[in-house]
Amino acid sequence: MTASAPRPGAPPAELSARAAALREQLERASHEYHVLDRPTISDAEYDRLFRELQALEAEHPTLRTPDSPTQRVGAEPQSALPKHRHLVPMLSLGNAFTDEELAAWEERAVRLAGAAVRAAGYSAELKIDGAAVSLTYEGGVLAVGATRGNGTVGEVVTPNLRTIRDVPLRLRADGKVKPPAGVIEIRGEVYMNFSRFEQMNAERVKAGEPVFANPRNSAAGALRQLDPRITAQRPLRFFGYAVARPDGAPALPFRTQTELLEALAAWGVPVAPHRRRCETLAEVHEWAHEVERTTRAQLDFAIDGGVVKVDALALQAELGDVGREPRWAVARKFAPDIAESTLLDIQVNVGRTGSINPFAMLEPVEIGGATVKLATLHNFALIADKDLRVGDRVQVKRAGEVIPQVIGPIPEKRDPAHPPAPYAPPTACPSCGTALVAGEDRGMLYCPNFQCPARQLEALVHFASRAAMDIRGLSYARIEQLLQAGLVRDAASLYDLTAAQLTALERFADKSAENLVQAIADSRAQPLSRLIFALGIDYVGEIAARLLARHFGTMDRLAAATEADILAVRGIGDVIAHSAFRWFSDPQAQILIERLRERGLTLEEPHAASGTTFAGMTFVITGTLPTLSRDQATALVEQHGGRVTSSVSKKTSVVVAGEEAGGKLERARELGVLVIDEAELRRRAEGGAP
Ligand code: IVH
């Protein structure tokens with residue numbers, strides 16, 4: 001660990017120069033990677049430079065300039081999930097909103113590849129509105145499943161994808177076209193059926209858990225769960241629509257997208273219904289209209305249009321890609337469902353972190369078969385940018401199945417004599433009256449009062465939720481009831497509740513009161529990592545909570561840590577470090593922790609600094625590992641008591657080598673040091689045998 005506590009005094013000139021050089025190098029690498037799609041340095045090298053800059057900035061905070069790549073909040077997914085580099089990038093699609101735009105797409109293809117495009121015909125498919133994934137099969141067996149990620153690198157979620165019954169664990173080989181013997185990536189979409197989605201939400205309401213906004217978000221969230229048992233509880237499904245092969249692999253025995261889809265189906269991969277092989281573009285238009293007008297309403301899953309692909313694979317290769325979009329395929333989007341309504345009011349609710357969330361109350365209007373009365377407004381900057389005023393006629397959109405959104409006002413419809421007044425954001429919390437403060441994100445307002453009743457309700461709901469303290473029976477409605485009755489005021493007071501107090505309330509039978517008191521008492525045994533997550537600190541999700549618990553081992557050590565100490569935890573970026581540090585600095589937080597301690601909650605992590613599997617061993621990590629970044633591999637070794645150094649010597653116990661491991665690997669071989677790969681490292685870490 002390179003970062004240490006801040007030292008007084010200005011940084012020496014050579015450090016400023018080094019920081020500037022790192023900033024420049026990282027920004028260039030990021031541009032080459034994300035914008036030009038031409039990476040010049042490996043992920044591991046990028047991570048190393050990034051860490052070096054972070055460490056410098058932690059040591060000398062004046063070096064942290066606003067344009068530092070470390071200040072790019074949320075640009076790169078922060079995740080504890082290992083990474084997977086897709087064989088071929090997962091592309092996006094250009095859009096055609098009308099028949100004319102689709103015709104223009106065909107014309108361009110014909111210009112580039114000739115009349116053969118028209119002769120080849122098209123594959124018209126539903127555009128499934130889910131989460132794109134890539135399934136790697138080796139010798140017909142599912143080896144890796146990954147999310148799309150940024151298109152080039154995704155996150156490995158194999159155990160989660162295995163829980164989906166639609167995803168074959170082994171491709172069937174009993175048809176005419178056999179699955180290839182080598183590696184193949186099958187691309188497709190994970191989605192949820194509406195019927196099952198609604199059923200799941202109804203169950204969540206009953207259990208007092210927050211509902212999901214739409215099937216797509218819910219599917220994407222379920223995929224990235226760290227615990228596959230949670231994924232298994234979500235009704236996920238899968239449709240395949242494309243394949244990718246390694247460079248130089250023998251060609252697959254099909255000539256068209258249509259044949260490819262048939263082969264997928266024969267291998268046991270579900271393929272979306274209502275696809276059509278179209279001989280002409282006129283047929284594609286007809287298909288699209290039919291899907292938009294009739295098919296769509298009959299489907300039990302969300303689509304956001306159709307996808308039209310040049311059917312001949314040879315022509316696809318000839319047409320190629322431009323930027324991140326193929327020229328040989330296009331999304332045929334349907335007109336979004338838009339309606340007009342009147343903005344009756346702008347109201348706000350208070351989230352658990354104190355965020356003030358504005359939403360629109362609308363005159364009820366029917367859009368795409370549903371009655372819409374509420375729409376999100378995201379934040380106050382959006383309201384100001386659109387100049388939305390209460391009383392305005394507004395356009396409302398329900399795109400796909402997402403929560404309705406206010407597109408904007410129709411200013412022409414304002415009465416020029418009596419235009420509505422511009423909207424003024426609230427200045428005080430609607431729940432407790434405390435003056436609101438501006439957040440770091442533009443347009444966000446927060447209630448800073450730790451004891452705000454609205455915050456408390458949301459905070460307690462989060463505290464009791466399944467991923468946090470998992471207190472069964474403590475539903476949203478129950479918590480509201482307890483707050484109203486004045487029986488609880490913070491998370492700690494839950495542990496003082498007695499069955500007698502509960503049975504005195506409405507709707508509480510003796511048995512359920514006893515069960516709830518027991519469930520609350522049982523939750524005291526939850527490990528520190530869950531408790532940290534349960535505290536509801538801004539940006540501290542389940543993963544960050546686990547990293548913090550493991551690193552610091554006890555609540556007291558975490559609470560006493562400086563921002564630099566927290567930033568030095570592998571996997572914790574500066575946004576989380578800042579937020580956690582600020583949270584623990586609040587005297588109210590310290591009181592809460594004391595109160596939790598008095599009630600016997602677990603303030604230690606049982607597996608902190610955990611394993612001793614690698615105790616006394618020195619590791620060197622070299623080359624690019626298939627899924628773990630350098631930092632993650634180091635964290636894995638350290639979690640099990642090992643040490644990671646940078647050069648190979650006779651004292652090195654193990655070298656973990658990935659792709660393009662160079663001199664260090666050779667040196668290890670010369671010295672007869674044990675060389676293992678990532679899979680073996682994981683096996684040893686998990687299995688416990690060095
Ligand atoms: S083809 C290179 N086919 O739409 C072509 N994509 O907006 C891209 N999608 O990332 C993949 N249904 O996640 C294809 N039948 C389908 C699709 C489909 C849904 C998604 C896919 C892609 C996104 C692009």
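All residue numbers refer to positions in the sequence shown, counting from 1. We count ligands from 1, going down the list as the structure has it; atoms in each ligand are counted the same way.
A perpendicular orientation is assigned to the rings of His86 and His84, their planes being inclined by more than 60° (bins at 30° and 60°).
Annotation: salt bridge (Lys or Arg N to Asp or Glu O under 4.0 Å) contacts of Arg245 (sequence neighbours excluded): none. Not counting sequence neighbours, Tyr241 has no partner by the ring pair (Phe, Tyr, Trp, His ring centres under 6.0 Å) test.
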Which atom pairs, donor and acceptor, lie under 3.5 Å between side-chain atoms of residues 105-116 and protein residues at least two apart or in another chain?
| from | atom 1 | to | atom 2 | distance (Å) |
| --- | --- | --- | --- | --- |
| Trp105 | NE1 | Arg327 | O | 3.0 |
| Glu106 | OE1 | Arg118 | NE | 3.2 |
| Glu106 | OE2 | Tyr122 | OH | 2.5 |

Contact table ligand 1 N or O to protein N or O, d under 3.5 Å:
| from | atom 1 | to | atom 2 | distance (Å) |
| --- | --- | --- | --- | --- |
| ligand 1 | 3 (N) | Lys309 | NZ | 2.9 |
| ligand 1 | 4 (O) | Lys127 | NZ | 3.2 |
| ligand 1 | 7 (O) | Lys127 | NZ | 3.0 |
| ligand 1 | 10 (O) | Leu91 | O | 3.4 |
| ligand 1 | 12 (N) | Ile128 | N | 3.1 |
| ligand 1 | 13 (O) | Glu189 | OE1 | 2.7 |
| ligand 1 | 13 (O) | Glu189 | OE2 | 3.4 |
| ligand 1 | 13 (O) | Tyr241 | OH | 3.0 |
| ligand 1 | 15 (N) | Glu125 | OE1 | 3.1 |
| ligand 1 | 15 (N) | Leu126 | O | 3.1 |

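Under a cut-off of 6.0 angstrom, the local environment of CD in Glu659 is sparse, with at most 12 non-hydrogen atoms contributed by other residues, nucleotides or ligands.
Each of Glu283, Glu290, Glu125 was evaluated against Arg276; a single residue qualifies, Glu290, per the side chain to side chain donor-acceptor pair (under 3.5 Å) test.
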